[in-house]
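These notes concern the structure reproduced below.
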Amino acid sequence: MKRRQFNRYLGQGLAAVGLSPLLTQCDRSDHRSSQSGRPYQSLPRLTSQNGVLEASLTAQSQSQTIGLSYSGHAPGPILEARPGDTVRLTLLNELDTSTNLHFHGLHISPEIDNVFREVAAGSSYTYEFQIPLSHPAITGWYHPHYHGLVAQQVFGGLAGPIIIRSDLDDIPEIQQAEEALLVLQDFDSALVKSPEILSPLAKRWGREGSILLASGQQNPIIEIPQKGLLRLRLINASASRIYQLQLRDHPWHLIATDRGAIAEPIELDTLSLSPGERAELLIPGQLDSGDYPILSLPYDRGVSEMIATMGDAAKQIPGLAMPQTTAIATLRYVPRQRTVALPLPKQLIPVESMRLPDATREFVLNHGNDASTNDTGFIINGKSFKMGRVNTQVSLNTVEDWRIINKASMDHPFHLHTNRFQVLERNGQPESLRAWKDTVAIGGYETVTLRVKFEDFIGRTVYHCHILDHEDQGMMGIVEIT
Ligand code: C2O
Ligand code: CU
Ligand code: CU
């Protein structure tokens with residue numbers, strides 16, 4: 001891996017060190033400017049060679065800068081592989097706390113993608129697995145999943161993309177598209193530097209930072225090819241923030257969700273992305289020229305009213321961020337040698353409907369205590385997460401409908417590991433888009449029904465709220481597939 005310094009955690013005076021052009025995008029905690037920044041710079045990319053992707057990532061805290069990184073990169077490098085490839089990834093833990101890795105979005109065995117594994121401070125572990133031959137093209141991501149420290153480590157910057165190229169990448173129009181990938185993170189230098197200052201309130205609501213970073217950059221400029229297509233991948237790698245994104249005055253089309261392509265492009269107005277969710281968009285360079293910002297709009301996940309009533313006092317509370325509109329990136333037209341506009345593909349990949357379920361279950365998300373554990377505050381079916389306690393037993397190759405009932409006023413985006421699902425219904429209304437998902441937004445007092453088939457792998461895996469402070473405080477359960 002190149003030793004180039006892509007770190008976004010810019011300590012005071014670091015620009016003088018001149019490590020990278022990105023470092024001049026000042027990142028002080030009081031800096032809220034959203035004027036256009038520098039040209040978008042891709043994260044470093046590690047691609048499989050001859051069927052093998054071999055890499056190592058060192059989880060470390062940066063000496064001169066604020067925050068955590070993988071081998072000096074925050075976010076970490078893009079890992080890229082194809083179905084059938086072997087991935088051999090060594091995690092070296094140079095943090096002073098335990099950590100591990102989870103491959104969010106990959107359909108691999110939970111015995112390998114094992115979130116109960118501890119990679120202790122000073123030790124290392126090699127994750128080795130094969131991407132199944134039938135694996136769809138996805139935008140996934142890797143991040144720590146060591147229970148109790150997940151929010152702190154992810155908020156500190158530990159996250160990176162993992163891309164599988166497959167079916168979707170073979171579509172001719174997609175092959176001709178230019179590509180950009182934005183890992184969305186929010187940041188607060190004081191809190192990242194001293195996680196212990198997190199206020200109990202922010203821990204309860206889920207920590208947020210007021211600085212928005214797109215692949216480590218503030219409002220980078222992304223080139224959109226005139227008459228061409230831009231394929232934009234988005235990953236919400238924030239610990240708690242839910243994004244509502246709009247591309248101002250310009251069309252954009254959804255082509256893929258968490259677990260791969262949808263059947264055909266759909267023009268979007270607002271794209272909502274909860275922590276953990278991903279989306280891929282195709283943006284046709286059909287206008288003449290100009291700059292088009294992607295705006296992050298204020299969103300109320302059930303805490304805004306309380307923040308508003310606190311007024312200015314809230315600004316002082318580490319881990320709370322004021323709702324505001326911010327440009328996360330700006331698209332800028334650039335001419336290309338193209339006389340005829342590249343059309344959008346008409347068809348993508350069919351999303352087959354799933355057979356009727358063998359069983360139906362309910363999961364009630366709520367705030368409350370479970371006397372049998374030390375975790376407090378966040379429960380599923382009355383229980384908080386307890387290491388080694390199986391909450392749900394399912395059988396391999398069965399289909400189940402899961403009704404997720406949020407009895408609380410806050411949003412709790414629900415994530416299932418290992419297997420993908422389809423959302424069938426929300427508050428009694430059928431879901432309009434059929435898509436493969438692994439994380440679903442659930443607003444306060446909402447009920448969502450999802451359908452999942454437990455395929456290919458047995459073992460213990462987890463489901464949880466992807467507001468990571470909630471997961472750390474117990475909103476997680478173990479499902480055993482036998
Ligand atoms: Cu993205 Cu269980 O996690
Ligand atoms: Cu996951
Ligand atoms: Cu939650």
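Note that ligands are numbered from 1 as they come in the structure, with each ligand's atoms numbered from 1 the same way. All of these numbers come straight from a predicted model, not from anything done at the bench.
- In summary, of the residues considered (His417, Arg420, His104), a side chain to side chain donor-acceptor pair (under 3.5 Å) with Asp438 occurs for His104 alone.
- Excluding water, every protein N/O/S atom under 2.8 Å from the Cu ion (ligand 3) is given here by residue and atom: His412 ND1, Cys465 SG, His470 ND1.
- The aromatic ring centres of Trp141 and His466 sit less than 6.0 Å apart.
- His417 lies close to atom 2 (Cu) of ligand 1, since one of its N, O or S atoms is found at a distance under 2.8 Å.
- Closest to atom 2 (Cu) of ligand 1 among the N, O or S atoms of His145 is NE2.
- In summary, no N, O or S atom of His415 is located under 2.8 Å from atom 2 (Cu) of ligand 1.
- Here His470 and His464 keep their ring centres 6.0 angstrom or further from each other.
- For His367 and Phe378, the ring centers are positioned less than 6.0 Å apart.
- Minimum heavy-atom separation, Tyr243 to Ser296: CD2-OG, 3.8 Å.
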Item to complete: With side-chain hydrogen bond (donor to acceptor under 3.5 Å, both in side chains) as the test, would you mind laying out the steps for Gln130 and Thr86 before giving the verdict?
Response: CA-CA 4 Å; Gln130 195 185 25; Thr86 296; 4.9 Å; no
field: Trace of the side chain to side chain contact (heavy atoms under 4.5 Å, CB included) decision for Tyr127 with Asn100
entry: CA-CA 10 Å; Tyr127 293 86; Asn100 63 16; 3.6 Å; yes
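- Metal site remark for the Cu ion (ligand 2): His415 contributes an N, O or S atom at a distance under 2.8 Å.
- Side-chain polar atoms of His107 and Asp456 form a donor-acceptor pair below 3.5 angstrom.
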